[in-house]
Amino acid sequence: MRVALVLVLTLAAATAATPASSQPQFAAAKLDFRVKLHQTGPLFFPCPVGVPAQATWCIPWAGSGFVRGLGNVYVDYDWPGWLLGVGPPACPADLAKPLKTIGRLSVPGRGVTIFITFAEGARCLPFEGRWNELLLHEGKEFTITGGTGPPAFAAASGRGTRERQFVPGALGTETWTGTLELPGFAFDVTAPKLHGAASKTVRAQRGAKSARVSFKVTAIDGVDGALPVSCHPRSGGRFPLGKTIVRCAATDSSGNTATAGFTVTVKRR
């Protein structure tokens, strides 16, 4: 059983600022990241067959989203994403700790899978029911232990921490902070360039309270080439008298997003 996650925040590359040109900028085989995953409907349940015998309760986790420098990623686990050992042999009676868990971070667009091992929790804590806050918020360290796909990913390494925040019986988040290292690999960390996001003024028909406004915003990426652009409000719609801010965005296959805003002013004739 799996519970969906909704992505995500940011991934910061270990590199200099984005240059003014449209050429891609590459980090030197190392990416420092911080990703927040939002859980929907956390749930304890008895562990399925195949989970280590010392695990008493399990929580399913799966997720997806854009990670800057990698692109669209998916997270899943060999076992449910949280194994909880209650009492012996993991802990004394009435105490519990998170157990070791093995997971995967896959990047389908690159044909890549990165293997991750989450360490056993450092402490045995009181287990007073399904929503013991100390256990739910307990952080865990993780290690990146290799991967599959292009040759560089077989030697993937790195480490970090996973923190959790829960509202008992409701929603929770995971925040992953760490470093991914790939020898000889170049991460694309440059956002696309947006063109055409320029403010404009139009005149409404006499007596009208709005005017139909069209504009064209395009995006070019140094690796992916031309990309689709989403704008809100959209081109071709009716804009009311006065000033309206239009916001546009484009995201490349490595998860780099460019944004721009401009003003549409509609005046009376």
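Just so you know, residue 1 is the first one in the sequence shown, and it goes up from there.
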Taking Glu181's backbone N and O only, do any of them form a donor-acceptor pair with Lys30's side chain (distance below 3.5 Å, no angle check)? no

Looking at Pro192, is its backbone amide N or carbonyl O close enough to the side chain of Asp252 to form a donor-acceptor pair, meaning the two atoms are under 3.5 Å apart? no

Between the main-chain N or O of Thr143 and the side-chain N or O of Arg159, is there a donor-acceptor pair closer than 3.5 Å? no

Would you indicate whether the side-chain heavy atoms of Arg110 and Ser254 approach each other to under 4.5 Å? yes

Point-to-point distance, once rounded to the nearest 0.5 Å, from CD1 of Ile114 to OG of Ser106: 9.0 Å

Linking I/L/V/M/F/W/Y whenever any side-chain heavy atoms sit under 4.5 Å apart, do Ile220 and Val229 land together? no

Could you report the tightest heavy-atom contact between Cys124 and Pro92, atom names first, then the distance? SG-CD, 4.1 Å

Can you give me the closest heavy-atom contact between Gly111 and Pro150, atom names plus distance? O-CD, 4.3 Å

Please answer: with hydrophobic residues joined when any side-chain heavy atoms are less than 4.5 Å apart, are Val217 and Phe239 in the same cluster? yes

Does any non-hydrogen side-chain atom of Leu99 lie less than 4.5 Å from one of Phe118? no

Any non-hydrogen side-chain atom of Pro233 less than 4.5 Å from a side-chain atom of Val246? yes

Atom pair CD (Glu141) and CD (Glu120), whose distance is rounded to the nearest 0.5 Å: 12.5 Å

Passing option when Leu105 is tested against Ile144, Leu180, Ile116 for side-chain contact (heavy atoms from CB on, under 4.5 Å): Ile116

Measure the CZ-NZ distance between Arg238 and Lys209 for me, rounded to the nearest 0.5 Å. 12.5 Å

Under the side-chain contact (heavy atoms from CB on, under 4.5 Å) rule, collect the residues that match up with Thr117, sequence neighbours excluded. Lys100, Ile102, Thr145

Show the nearest heavy-atom pair for residues Ala250 and Ala219, with the distance to one decimal. CB-CB, 3.7 Å

Tell me whether Phe262 shares a hydrophobic cluster with Ile245, the cluster being built from Ile, Leu, Val, Met, Phe, Trp, Tyr side chains joined at under 4.5 Å. no

Any donor-acceptor pair under 3.5 Å linking the side chain of Lys216 with the backbone of Ser235? no

Spacing of Leu95 atom CG and Arg123 atom CZ [to the nearest 0.5 Å]: 11.5 Å

Determine whether Thr265 and Ser199 make a side-chain contact, defined as any pair of heavy atoms from C-beta on separated by less than 4.5 Å. no

Side-chain heavy atoms nearer than 4.5 Å, only ILVMFWY residues, links allowed to pass through others: does that put Leu227 and Val223 together? no

Arg203 side-chain N/O to Arg268 backbone N/O, donor-acceptor pair under 3.5 Å: yes

Side-chain heavy atoms of Phe142 within contact of Thr101, under 4.5 Å: no

Crowded around Lys200 NZ? As in, over 12 foreign heavy atoms under 6.0 Å? yes

Gln205 versus Arg269: any side-chain heavy-atom pair under 4.5 Å? yes

Under 4.5 Å between side-chain heavy atoms, hopping through other hydrophobics if needed: is there a path connecting Val189 to Leu194? no

Would you say the side chain of Asp188 lies within less than 4.5 Å of the side chain of Asp221, judging by non-hydrogen atoms? yes

What is the minimum heavy-atom distance between Ala96 and Cys91, and which atoms define it? C-SG, 3.7 Å

Closest contact, heavy atoms only, Lys97 versus Ala90: CE-O, 4.0 Å

4.5 Å side-chain heavy-atom contact, His232 and Arg247: no

How would you list, by chain and number, every residue that makes a side-chain contact (heavy atoms from CB on, under 4.5 Å) with Ala152, sequence neighbours excluded? Leu182, Phe185

